[in-house]
Amino acid sequence: MKKFEKLTSAIVPLNIENIDTDQIIPARFLKATTREGFGENLFRDWRYNGDNTLKTDFVLNNPAFKGRILVAGKNFGCGSSREHAAWAIQDAGFDVVISSFFADIFKGNALNNGLLPIQVSDEFLAEIFSTVGKDNSAQLDVDLETQTVTNVVTGSKTDFEINPYKKSCLINGYDDIDFILNQKQLVEEFEQNR
Amino acid sequence: MSKTLVEKIWDAHVVKSEVGFPDILYIDTHLIHEVTSPQAFDGLRKRGLPVFRPQQTVATADHNVPTLNQLQPIKEELSRYQVDMLTKNCAEFGIELYGLGHPFQGIVHVIGPELGITLPGKTMVCGDSHTSTHGAFGAIAFGIGTSQVEQVFATQCLLQQKPKTMKIEVNGALGQGVTAKDIILYIISKISAAGGTGYFIEYAGSTIEALSMEARMTICNMSIEMGARGGLIAPDQITFDYIKGREFAPAGEEWDKSLAYWKTLYSDADATFDSVLTFDAADISPMITYGTNPGMGMGIAEHIPSTASQVASEQASFQKALDYMGIEQDTELVGKAIDYVFIGSCTNSRMEDLREVAEFVKGRQKAENVTVWIVPGSKQIEQQAIAEGLDKIFEAAGFQLREPGCSACLGMNEDKIPAGKYCVSTSNRNFEGRQGPDSRTFLASPLTAAAAAITGRVTDVRTLLNEPAHA
């Protein structure tokens with residue numbers, strides 16, 4: 001799994017609430033049998049018209065917005081459990097997603113792939129949208145070790161929560177399977193004692 | 001110590017619990033399908049691992065399958081490849097597959113209960129968010145991502161934080177034309193598409209206790225539409241009667257032993273939930289959604305809310321949803337012309353749904369402007385429907401009975417709603433483009449969907465229930 005420690009980057013703002021995983025990657029693009037290449041169809045129906053021409057007013061098609069941090073409205077990643085949503089976001093070049101609320105399954109899927117979901121307050125989120133609204137090159141500073149996000153323009157800083165185990169997985173780049181495989185003996189004992 | 005139902009089942013499956021770490025939770029049954037498993041099988045190959053407990057894993061093909069001429073090769077190349085890959089992976093790793101052509105094939109959440117694989121007290125997972133369906137039997141069942149599918153393949157366990165618990169009580173008698181689907185759409189409309197996030201929900205109360213297993217599955221199925229990964233109902237005599245005699249259900253001595261355990265599966269009277277909500281069945285009408293998430297629902301006779309009535313920060317998203325749907329705030333939906341009716345999906349494709357629709361449409365005829373698809377949840381349901389003569393009733397009404405699969409619920413296979421068209425759908429999600437690019441979905445019960453099929457418009461089914469069908 002990809003390691004994560006620190007990142008200072010510009011932002012791609014998506015000020016929409018309840019973004020479901022069908023928007024992140026529509027089901028008709030889930031037919032691949034490998035993990036790569038889903039970025040091409042990230043937010044497919046918001047990025048493209050029915051005739052495959054670009055929707056120029058959508059933020060991901062605006063060259064003024066670049067960066068490795070996606071910032072979205074609350075309840076991001078609701079709906080289908082498709083991990084392809086996390087793969088697509090990562091494949092499109094993002095390392096961090098910030099929102100004021102995440103759906104459970106998406107959050108778990110992101111963490112299992114080294115994509116860091118950061119939950120901030122409604123106020124902090126609103127300030128990010130306002131900052132980037134005035135200056136599209138505005139940056140955020142993310143530090144996983146200290147569990148802080150800083151709005152580089154305003155200097156506002158906030159802490160975020162992350163499960164300590166998941167934090168060490170991200171920093172070290174190891175995953176749950178390694179963790180359980182190391183305790184396989186316990187699983188077999190559990191089975192025998194039922 | 002008193003425990004909730006979730007805690008009883010959870011604690012019985014904890015392999016290891018350590019402060020600062022998620023629990024290692026043992027998984028009894030792993031259901032898989034073609035879409036979310038290939039990358040997990042690939043992961044096993046890269047690590048050089050087998051499937052640890054293949055006999056606790058069951059596979060079917062449902063998301064990508066056509067619902068007409070199912071035994072012909074799948075036309076779409078990528079879909080065919082994905083379904084073929086499942087067959088190949090199951091053979092290589094020793095997993096039982098109920099694929100196309102098998103008499104047990106069907107939607108993964110329909111066949112588990114139907115075959116007696118879903119049982120009280122079990123832990124069950126699947127790479128599909130509607131795995132919560134199986135909670136209707138008093139099981140801990142939840143959807144997982146593909147990395148976790150690989151985890152269960154490799155270890156038969158998951159690393160999971162114990163969820164918070166919520167009790168939702170519904171009490172009283174249901175009104176005319178009000179079904180399980182209306183109950184759950186009503187609850188979601190009250191607590192929002194995110195209101196259950198972080199919780200496993202136990203549904204209780206006299207209304208829930210009176211429901212059949214199939215209706216209970218409809219309720220638990222949509223737990224995820226309020227963000228809850230799991231939803232469950234304490235097993236009772238209705239549950240036990242449903243399970244007895246099914247293909248893989250315990251029998252003989254094993255049955256008696258199981259039954260004795262199942263009878264201990266309820267929340268203790270003084271158990272504490274992190275949250276408790278209570279609703280009155282009398283307040284629930286036939287429901288319909290008007291927006292682009294399942295929380296945007298209302299009683300069918302009500303007016304669409306105004307944008308101004310929403311919280312300030314949510315007004316833009318609310319208006320965006322109405323614009324997508326091509327509808328106006330403060331207007332009513334009843335009378336709105338529709339183009340398609342889809343009766344199917346893991347929410348509402350069971351025998352009881354089909355019987356209810358057949359009973360209602362008998363002697364009625366669909367409106368000319370509407371295309372009606374009925375997609376049974378499994379091969380067994382399809383066969384049963386034909387054996388009961390429901391196919392003839394549907395045919396006479398102009399409804400098309402198709403073959404089992406996820407179909408138009410998710411716009412992945414051949415069954416899609418065309419751009420701009422309106423569909424009254426018994427499925428679970430009304431997201432933008434869910435049923436096909438730019439399609440527009442009104443979620444409702446099978447009865448409300450059938451009423452729309454007859455009139456060609458969004459219809460309050462109660463107005464039709466009170467007039468005789470013209471045979």
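Owing to the predicted nature of the structure, the values given are computational and were not obtained by experimental measurement.
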For this session: Flag the one option from Ser79(B), Ser192(B), Cys126(B) with the top tally of heavy-atom pairs under 4.5 Å to chain A.
Result: Ser79(B)
Exercise. CG/Leu158(B) to CD1/Ile180(A) distance, rounded to the nearest 0.5 angstrom?
Worked result: 6.5 Å
Exercise. What do you reckon, is NZ of Lys184(A) surrounded by more than 12 foreign heavy atoms closer than 6.0 Å?
Worked result: yes
Exercise. Contact part of Asn293(B) toward chain A, heavy-atom cut-off under 4.5 Å: side chain, backbone, both or neither?
Worked result: side chain
Seminar exercise, completed: Correct closest heavy-atom pair for Thr146(B) and Glu83(A) would be N-OE1, 2.7 Å
Problem set entry | Proximity breakdown for Phe179(A) and chain B, heavy-atom pairs closer than 4.5 Å | side chain
Exercise. Side chain, backbone, both or neither: which part of Ala419(B) has an atom under 4.5 Å from a heavy atom of chain A?
Worked result: neither
Problem set entry | Value rounded to 0.5 Å, distance of CD in Gln151(B) from CG in Asn112(A) | 6.5 Å
For this session: Below 4.5 Å from any heavy atom of chain A, which atoms of Glu150(B) appear? Answer side chain, backbone, both or neither.
Result: both
Problem set entry | Selection from Gly227(B), Pro22(B), Gly433(B) maximising heavy-atom pairs under 4.5 Å formed with chain A | Pro22(B)
Exercise. Chain A: which of Thr292(B), Leu78(B), Val15(B), Leu159(B) shares the most heavy-atom pairs with it under 4.5 Å?
Worked result: Leu159(B)
For this session: List for me each residue that meets side-chain hydrogen bond (donor to acceptor under 3.5 Å, both in side chains) alongside Ser407(B), sequence neighbours excluded, and say none if there are none.
Result: Asp415(B)
Seminar exercise, completed: In terms of heavy-atom contacts, Asp22(A) and Arg429(B) come closest through OD1-CD, 4.5 Å
Exercise. Where on Glu76(B) is there a heavy atom nearer than 4.5 Å to chain A: the side chain, the backbone, both, or neither?
Worked result: side chain
Seminar exercise, completed: Smallest heavy-atom separation, Gln23(A) atom then Glu432(B) atom, equals NE2-O, 2.8 Å
Problem set entry | Proximal component of Ser317(B), with respect to chain A [non-hydrogen, under 4.5 Å] | side chain
Exercise. Of Ile177(A), Asn109(A), Asp176(A), which is the lone residue that meets side-chain contact (heavy atoms from CB on, under 4.5 Å) with Gln148(B)?
Worked result: Asn109(A)
Exercise. Are there more than 12 heavy atoms of other residues, nucleotides or ligands under 6.0 Å from atom NZ of Lys2(A)?
Worked result: yes
Exercise. Relative to chain B, which of Thr21(A), Asn15(A), Asp45(A), Asn163(A) shows the most heavy atom pairs under 4.5 Å?
Worked result: Asn163(A)
Problem set entry | Toward chain B, the part of Arg194(A) with a non-hydrogen atom under 4.5 Å | side chain
Exercise. Above 12 or not: heavy atoms from other molecules or residues under 6.0 Å from NZ of Lys55(A)?
Worked result: yes
Exercise. Under a 4.5 Å heavy-atom cut-off, does chain A meet the side chain of Ile224(B), its backbone, both or neither?
Worked result: side chain
For this session: Check whether Val14(B) gets within reach of chain A through its side chain, its backbone, both or neither, counting any heavy atom under 4.5 Å.
Result: backbone
Problem set entry | Option that, when pairs with chain A are counted at under 4.5 Å, heavy atom only, ranks first among Lys320(B), Gln156(B), Glu225(B) | Lys320(B)
For this session: Tell me, for Asn18(A) versus chain B, whether the close heavy atoms (under 4.5 Å) come from the side chain, the backbone, both or neither.
Result: side chain
Exercise. In Å, rounded to the nearest 0.5 Å, how long is the span from OG1 of Thr197(B) to CG of Asn75(A)?
Worked result: 5.5 Å
For this session: Sort Ala12(B) into side chain, backbone, both or neither according to what part of it lies under 4.5 angstrom from a heavy atom of chain A.
Result: backbone
For this session: Could you tell me which portion of Ser313(B) (side chain, backbone, both or neither) has an atom closer than 4.5 angstrom to a non-hydrogen atom of chain A?
Result: both
For this session: Below 4.5 Å from any heavy atom of chain B, which atoms of Phe29(A) appear? Answer side chain, backbone, both or neither.
Result: neither
For this session: Please work out whether the ring planes of Phe190(A) and His13(B) are parallel, tilted or perpendicular, with thresholds of 30° and 60°.
Result: tilted
Exercise. Can you say whether Ala316(B) sits under 4.5 Å from chain A via the side chain, the backbone, both, or neither, judging by heavy atoms?
Worked result: neither
With a 3.5 Å cut-off and sequence neighbours excluded, list the donor-acceptor pairs that the side chains of residues 122-133 of chain A form with protein atoms.
unit_1: Asp122(A); atom_1: OD1; unit_2: Ser100(A); atom_2: OG; d: 3.1
unit_1: Glu127(A); atom_1: OE1; unit_2: Ser156(A); atom_2: OG; d: 3.0
unit_1: Glu127(A); atom_1: OE2; unit_2: Asn151(A); atom_2: ND2; d: 3.3
unit_1: Glu127(A); atom_1: OE2; unit_2: Thr154(A); atom_2: OG1; d: 2.8
unit_1: Glu127(A); atom_1: OE2; unit_2: Ser156(A); atom_2: OG; d: 2.8
unit_1: Ser130(A); atom_1: OG; unit_2: Lys134(A); atom_2: NZ; d: 3.4
unit_1: Thr131(A); atom_1: OG1; unit_2: Glu127(A); atom_2: O; d: 2.7
unit_1: Thr131(A); atom_1: OG1; unit_2: Asn151(A); atom_2: ND2; d: 3.0

Problem set entry | Closest heavy-atom pair and its distance - Ser80(A), Ser129(B) | CA-OG, 3.7 Å
Problem set entry | Contact origin within Ile144(B) toward chain A - heavy atom pairs under 4.5 Å | backbone
For this session: Measure distances from Ile24(B) to the heavy atoms of chain A and classify the residue's part below 4.5 Å as side chain, backbone, both or neither.
Result: side chain
For this session: Kindly determine whether Thr36(B) and His84(A) satisfy side chain to side chain contact (heavy atoms under 4.5 Å, CB included), including the steps that lead there.
Result: CA-CA 9 Å; Thr36(B) 56; His84(A) 313 64; 4.1 Å; yes
For this session: For residues Arg28(A) and Pro437(B), determine if any side-chain heavy atom of one lies less than 4.5 Å from a side-chain heavy atom of the other.
Result: yes
Exercise. Quick one: of Leu410(B), Asp438(B), Thr155(B), who has the most non-hydrogen atom pairs under 4.5 Å with chain A?
Worked result: Thr155(B)
For this session: Side chain from CB out, backbone as N, CA, C, O: work out which of these in Glu191(A) comes under 4.5 Å of a heavy atom of chain B, or both, or neither.
Result: side chain
Problem set entry | Proximity of residues 82-90 of chain B to chain A, residues having a non-hydrogen atom under 4.5 angstrom | Gln82(B), Met85(B)
Exercise. Which atoms of Tyr81(B) come close to chain A, meaning under 4.5 Å heavy atom to heavy atom: side chain ones, backbone ones, both, or neither?
Worked result: side chain
For this session: Against chain A, label Phe52(B) side chain, backbone, both or neither, depending on which of its atoms sit under 4.5 Å from a heavy atom there.
Result: side chain
Problem set entry | Pairs meeting criterion salt bridge (charged side-chain N to carboxylate O under 4.0 Å, His left out) with involvement of residues 96-109 of chain A, two or more places apart | none
